[in-house]
Each structure stands twice: as structure tokens, then as C-alpha cells.
Participant: 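Here's a structure for you.
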Amino acid sequence: MAESWVNSAEILGSDLPLELSGTGNRRAVLMSALREAVRSGRLSPGTRLPPYRSLAADLGLARNTVADAYAELVAEGWLAARQGSGTRVAERAAPVTPAHRPRTPERPSRPVHDLVQGQPDPAAFPRTAWLASARRALATAPNDAFGPGDPHGRPELRRALAGYLARVRGVRASPERIVICSGAAHGLRLLAEVVGGPWTAEAYGLPFHRGLLASHGVGTRPVGVDRDGARVGELTRRDRAVLLTPAHQFPTGGPLHPARRAAVVDWARSTGGLVVEDDYDGEFRYDRQPVGAVQGLDPEHVVLLGSVSKSLSPALRIGWMVLPERLVSPVVAAKGEREQFSSATDQLTLADFVDSGAYDRHVRRMRQRHRRRRDQLVAALLQRAPHVRVTGIAAGLHAVVELPPGTERSVVRAAAWQGLAVEGLADYRHPGAEQAEGEQADSARAGGARDGLVVGYATPAEHAYPEALEALCRSLPPG
């Protein structure tokens, strides 16, 4: 008899549906309830959870809400997901009773300064220009824009993106090859459903993306990262797809070397594999010429993922996939019969924003601002902590501050005491990277474990940035 899973009432208690019926963040409520169920022992290690579709139906939630909650809890270590085995409570996630919780000294209840990567300053959103585009878009919108949405995406936006990506990123695609999604994570979810696994991923990358793939039964195997980017020579014929950030390796920095770009395309052609190119930080470069997308080398074997979450705002929930022809229909079918994720009016507004040149002007303005902030960071560290090295600064919205071996965790704790939110490099390391790499004589060069901070310089308001840098410098170990 097949193994069954626990039901929603056993997992979350009887009050959760009432809490989820409110207007708050339903994903956050669900995640909190799952953590508490594990923490209290109501869900023991190894317990199998319902598939996200089933739990979504039970609770009256969107499937992507539950899928995202599962993915984040996998990334945090509360849950574990393996292909063919479903999602389970992680074996190490044992309940912690109040009597056994370690006592820690009080610290600031919430960060005063935010140097976590991944989000632009919300105050920098171009409200006036966006409003002008919205007015023009609504005034000229065809009637069908206000009917059921096409899961392919609005044709106006797909045409605008095809022209923009060809001009700025060297992408080769017709509008018919572009499918609109709600962001890179949504695109990965759709590709996981359509392509299947196993995948490979860079030894350093977003844990949320790895967790999201795992929640869809797609495991990832790490490939090493060094100063030339991902070591794509480690790919094998068994790999179905490889997830890369070739424009600016996230988070360690630097573009994928030209020889490796050619090599990964050759791998895809010879094996039938797929290169999934997350165009992370592709538009923000400071000290070098722009690096074109790998997709331009072979549109039939590379998927380009992009979004406006870094250039405009994550609140817009608009992203895109530039797909090989053979994947367009399966991906659109996986989205469903109607557009459920990205507002048609927002898509029309973005199309006008791009076509009018407002997007180019905004990106140029933000590029200047981010470069100035990066220079402030480098100057502050040179003056206050000349013994640390700053890398990955030629592009993107963050830098890596390299630390002496064995100091990363203590520095992150020291930053918390300073009221500073900042992440350690270890947070982004693939759990399987250590075993895959083995012993290396020069672990830093070979992509092995290293100590460092991932310092985002885009988020703080202008007036708060100098104080955030001061808190960072106070947190670093002495030279």
C-alpha cells in the first residue's frame, strides 16, 4: 500500500484556515504555522507532507503560494525534498522545547541598517515616469486587455522586450519565443515541471532557487566556481539542465569566461541538455563593457530568465523567459489556460515604459547611483579596514568582502549587535559543494569554501547609507 501523507489539520491545526482568510501575507502565515508544527513536535522528522497542489486545494490558496512556502522552508532546513520521495520534515529539524532553548543575551529586535543584497531602494522607483506610461497604456489598451489573460503574456510587452533584449543583451528571439512570468523563481518553477531533472547549479547561488527546484522534485548537483565563473567542464551527459549566472556570477562576481561560454553551449548541443541563464545583474555594470547573453550563442539550447525586480521593483512581479521553440508550448501549458500571475495593465505599462525610452533612462540613472554607492563602500573599507579584500565589484548590486578563515559567523553576529542586517557567503553555498570538490590545495581559487560577507549596497536610503557603512566597518575583525 502506498505511503500516505498527513492532512492539513494534522499539520497546521484547526485555526489556520481562519488566519489565512485575512488580508495579510498568506505565504508568511503558512510558513510560520509549518515551522511551529515542526518546532512543537506535532510534525516529527521524516513526516511526509502533502504535495503542494493538494495542500493548496485544502487551504484555498494559490498553488504557487504553497510551492514558494515549501521551497523557502527547504532552503531554511526545516523541510527536505527529494525526487520520488515528496516533501518531508527534515531529519535534523527536531522539536525544541522552551526548557531547552539556549539563552542568548538580548540584541536589537530588528535591524537598524540593511545591507542584505537583492533589493533596490524602494524610494528610487520612478513613480512619475511609470505613472505617465500607465496613463498612455490604459488610454490606448485594446479591449481584450481587460478580459481573461493570455498565459503567453501581452503581445505589446513581448514585442517591446524582444527589441530591448536584442539591443541591450544581444538576445536572439522573436516575440513568439518570449513567455511572461512573475519573476525568475516562477520561471524556474515552470521549467522544473516541463524539463524535469536532474540539474546542476553553481556551487554558490541563491538557496531559494535550489529549494524551489527541490520542492518540484528536481535535485541539483553543484559545479565549482572560480575567478572565471562556473567550471562547466564538470557537466556530464546525465545532467538535464544547468543553472548559471554568466553575466555576473552570483554572489561571487565576475562574468563567465568566453571559453566556458562556448564550452557550455557545446555541452548542451552534444547532450541535448539545457542551459538556464539567470540574467542576474545583467544590466548593472560599471568598470567594463557589457557582456552579452549566452542565449545569443544558441537560442535553441539556452533559456534566458530575466525580471524587473532589481532594475525597477520586486513589487511589480513581472519577469520573462526567452525559450527555445520546442519549449514554448509546454511552458505556456504549464502556466494554465489563463494568466494568473502578472497583471495585464502592469504588462502594458512596462511595454510603454520600455518603448518610450523611460526604462533605458532609469537604468542609466540607477547605474550611476549604484556605482557611486559601490565606490563609497570600497573607500570606507580602504580607510577603516584595509586588511580586507573586496571582490565582485565590476557589476551588480552587491560586493563580497573576504574575511580571514574561520571568522565569518562571528562577524555576522557582530553585525547583528551593531543593528546591521548582512549575510555571510556561506548562506549561498550549495550543501553538496564540499563533497563534490574534495580536497583542494588552493580552495579559494578552485571555488572551495571561503569566509566572507555579501554586502548589498542598493537597498538603504541615501541618508542612511553612510551609517550603514560605519556599522559594517565596526563589525569587521581587526587587521
Participant: Looking at every heavy atom in both I178 and A162, which two are closest together, and how far apart are they?
Facilitator: CD1-N, 3.7 Å

Participant: Are more than 12 heavy atoms, taken from residues, nucleotides or ligands other than R326, located less than 6.0 Å from that residue's CZ atom?
Facilitator: yes

Participant: Side-chain donor-acceptor pairs under 3.5 Å in residues 207-215, sequence neighbours left out?
Facilitator:
from: R210; atom 1: NH1; to: G205; atom 2: O; distance (Å): 3.4
from: R210; atom 1: NH1; to: Y428; atom 2: O; distance (Å): 3.4
from: R210; atom 1: NH2; to: R429; atom 2: O; distance (Å): 3.2
from: S215; atom 1: OG; to: L212; atom 2: O; distance (Å): 2.7

Participant: For residues H370 and Y286, establish whether the separation of their ring centroids is below 6.0 Å.
Facilitator: no

Participant: List in chain and number order the residues that pass side chain to side chain contact (heavy atoms under 4.5 Å, CB included) with R53, two or more places apart in sequence or in another chain; answer none if no residue qualifies.
Facilitator: R63, E193

Participant: Is it true that H248 and H398 have ring centroids separated by less than 6.0 Å?
Facilitator: yes

Participant: Quick check on the 6.0 Å ring-centre criterion: do Y359 and Y164 meet it?
Facilitator: yes

Participant: Taking all non-hydrogen atoms of both residues, which atom of L297 and which atom of R269 are closest, and how far apart?
Facilitator: O-NH2, 3.4 Å

Participant: Apply side chain to side chain contact (heavy atoms under 4.5 Å, CB included) to the pair D346 and R317, showing each step before the final yes or no.
Facilitator: CA-CA 9 Å; D346 281 348; R317 309 309 306 152; over 6 Å; no

Participant: Partners of A160 by side chain to side chain contact (heavy atoms under 4.5 Å, CB included), sequence neighbours excluded?
Facilitator: A351, V354, D355

Participant: Hey, are T236 and D239 close enough side-chain-wise for a donor-acceptor pair under 3.5 Å?
Facilitator: yes

Participant: Verify whether one side chain among E202 and Q249 offers a donor that lies under 3.5 Å from an acceptor in the other.
Facilitator: yes

Participant: After noting the C-alpha distance and the side-chain angles of L191 and V276, does the key distance pass the side chain to side chain contact (heavy atoms under 4.5 Å, CB included) rule?
Facilitator: CA-CA 9 Å; L191 290 172; V276 180; 4.0 Å; yes

Participant: Name all residues meeting the side chain to side chain contact (heavy atoms under 4.5 Å, CB included) criterion together with T391; count only those two or more places apart in sequence or in a different chain, and write none if there are none.
Facilitator: R389, V400, E402

Participant: Report yes if the side chains of R373 and P460 come closer than 4.5 Å at any heavy-atom pair, otherwise no.
Facilitator: yes

Participant: Working note: D360 + R167, criterion salt bridge (Lys or Arg N to Asp or Glu O under 4.0 Å); need CA distance, chi angles, decisive distance, verdict.
Facilitator: CA-CA 11 Å; D360 288 87; R167 173 170 53 85; 3.0 Å; yes

Participant: With sequence neighbours left out, write down each residue that passes ring pair (Phe, Tyr, Trp, His ring centres under 6.0 Å) with H152, or none if nothing qualifies.
Facilitator: none

Participant: Does the side chain of H362 come under 3.5 Å of the side chain of S311 through a donor N or O and an acceptor N or O?
Facilitator: no

Participant: Applying ring pair (Phe, Tyr, Trp, His ring centres under 6.0 Å), can you list everything that pairs with F125, at least two apart in sequence or on another chain?
Facilitator: W130

Participant: Any side-chain heavy atom of V179 sitting closer than 4.5 Å to one from L323?
Facilitator: yes

